[in-house]
Amino acid sequence: MDAVRRVVTRDDLDAVARAVFGNGRRLRGVSRLRGGSKKGVYRLDLDDDSTAVVYIWDASENYWPATGAGADRVEDPFSPASGLDLFEAAHRNLHQLGIRTPQLLLADRSGSLCPADLAVVEDVPGDNLESLLRRDPARAAPRWPDWRRRWA
């Protein structure tokens with residue numbers, strides 16, 4: 001990672017929260033979440049006890065910068081195959097397939113709310129898939145009997 005990592009604070013995301021939720025709710029706090037090695041992932045904590053998740057695509061949040069021959073190919077796992085455009089395309093595709101995905105509340109490329117592209121999605125409470133697979137593999141299994149044929 002070449003860029004200096006910036007600490008994202010409540011003040012940094014206050015305008016984002018207002019853009020999504022209006023002035024009726026106030027941003028109480030921001031916490032960094034695990035799992036965003038090519039983007040920053042943050043939980044917004046609002047004064048009505050609701051939450052949302054923010055993804056920020058900033059160079060300082062990317063721990064996998066493109067390097068080496070062929071690093072610009074999408075099939076290379078270390079290629080820069082990340083960003084708001086790909087996120088929106090994946091979100092749209094999953095939705096069209098009928099797969100429940102967190103609602104996209106805001107996508108912003110303007111730089112006016114944050115100096116990087118960002119997306120705000122609903123925060124879905126409960127276990128993540130990794131812990132569900134450990135605790136209850138049957139419940140985490142695909143629901144379609146022919147799921148392999150759907151992706152072939």
Side-chain angles (χ1 to χ4, degrees), residues 1-137 140 142 151:
M1 186 167 101
D2 295 331
V4 175
R5 181 147 175 248
R6 183 171 77 91
V7 176
V8 175
T9 67
R10 182 196 164 285
D11 289 342
D12 294 321
L13 296 178
D14 192 52
V16 172
R18 278 196 318 276
V20 175
F21 303 108
N23 292 323
R25 294 192 266 179
R26 297 179 52 86
L27 182 59
R28 199 167 38 198
V30 172
S31 55
R32 184 172 179 81
L33 301 177
R34 296 180 340 149
S37 65
K38 288 191 174 191
K39 63 189 170 300
V41 184
Y42 300 90
R43 177 171 284 123
L44 302 179
D45 178 30
L46 302 161
D47 64 354
D48 66 351
D49 293 328
S50 65
T51 57
V53 174
V54 178
Y55 299 111
I56 300 174
W57 287 272
D58 183 91
S60 69
E61 299 276 9
N62 185 355
Y63 290 88
W64 298 98
T67 58
D72 58 346
R73 293 191 334 256
V74 173
E75 61 273 8
D76 183 330
F78 300 109
S79 73
S82 183
L84 184 54
D85 291 337
L86 291 172
F87 179 84
E88 285 183 302
H91 190 274
R92 210 172 19 257
N93 288 342
L94 291 169
H95 181 74
Q96 288 170 348
L97 289 169
I99 298 170
R100 170 69 172 100
T101 57
Q103 181 182 355
L104 180 60
L105 304 172
L106 174 74
D108 183 69
R109 293 172 180 76
S110 72
S112 63
L113 299 173
C114 175
D117 289 351
L118 67 88
V120 180
V121 299
E122 77 175 302
D123 191 4
V124 179
D127 282 345
N128 62 28
L129 182 56
E130 182 181 9
S131 61
L132 183 60
L133 283 166
R134 275 195 308 269
R135 193 183 78 253
D136 191 351
W151 303 106

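Here, residue 1 is the first one in the sequence, and each next residue gets the next number.
The nearest pair of heavy atoms linking Leu44 to Leu13 is CD2-CD1, 3.8 Å. For the residue pair Lys39 and Tyr55, the shortest heavy atom distance occurs at CE-CD2, 3.4 Å. When all heavy atoms of Gly83 and Trp57 are compared, the pair lying nearest together is N-NE1, 3.3 Å. Closest approach of Ala107 and Leu104 over heavy atoms only: CB-CD2, 4.4 Å. Taking each heavy atom of Arg43 and Asp123 in turn, the nearest pair found is NE-OD2, 2.5 Å. Taking every heavy atom of both residues into account, Ala116 and Ile56 meet most closely at CB-CG2, 3.9 Å.
Asn62 places no side-chain N or O within 3.5 Å of a backbone atom of Ala59 that could act as its donor or acceptor partner. Between the side chain of Gln103 and the backbone N or O of Glu122, no donor-acceptor pair lies under 3.5 Å.
Looking only at side-chain heavy atoms (C-beta outward), Leu118 and Leu84 stay at 4.5 Å or farther from each other. Looking only at side-chain heavy atoms (C-beta outward), Val120 and Val53 stay at 4.5 Å or farther from each other.
The local environment of CZ in Arg26 is sparse, with at most 12 non-hydrogen atoms from other residues, nucleotides or ligands closer than 6.0 Å.
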From CA spacing to verdict: side chain to side chain donor-acceptor pair (under 3.5 Å), Asp58, Ser60: CA-CA 5 Å; Asp58 183 91; Ser60 69; 2.5 Å; yes
Check step by step if side chain to side chain contact (heavy atoms under 4.5 Å, CB included) holds for Asp45 and Val30. CA-CA 6 Å; Asp45 178 30; Val30 172; over 6 Å; no
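Using a cut-off of 4.0 Å between Lys/Arg side-chain N and Asp/Glu carboxylate O, Arg134 and Glu130 are scored as salt-bridged. A salt bridge does not link Arg25 with Asp47: every distance from a Lys NZ or Arg NE/NH1/NH2 to an Asp or Glu carboxylate oxygen is 4.0 Å or more. The pair Arg109-Asp85 meets the salt-bridge criterion, with a side-chain N (NZ, NE, NH1 or NH2) lying under 4.0 Å from an Asp/Glu carboxylate O.
No hydrogens or angles considered: a donor-acceptor pair under 3.5 Å links the side chains of Ser110 and Asp108.
Taken to the nearest 0.5 Å, the CG atom of Leu46 stands 5.5 Å off from the CG atom of Asp48. Distance CG/Asp49 to CZ/Arg28: 4.5 Å, rounded to 0.5 Å. The CG atom of Leu133 lies 8.5 Å from the OG atom of Ser131; values are rounded to the nearest 0.5 Å.
By the 30° and 60° cut-offs, the orientation of the rings of His95 relative to His91 is parallel.
Under the rule for a ring-ring contact (aromatic ring centres under 6.0 Å, His included), Phe21 has no partner lying at least two apart in sequence or in another chain.
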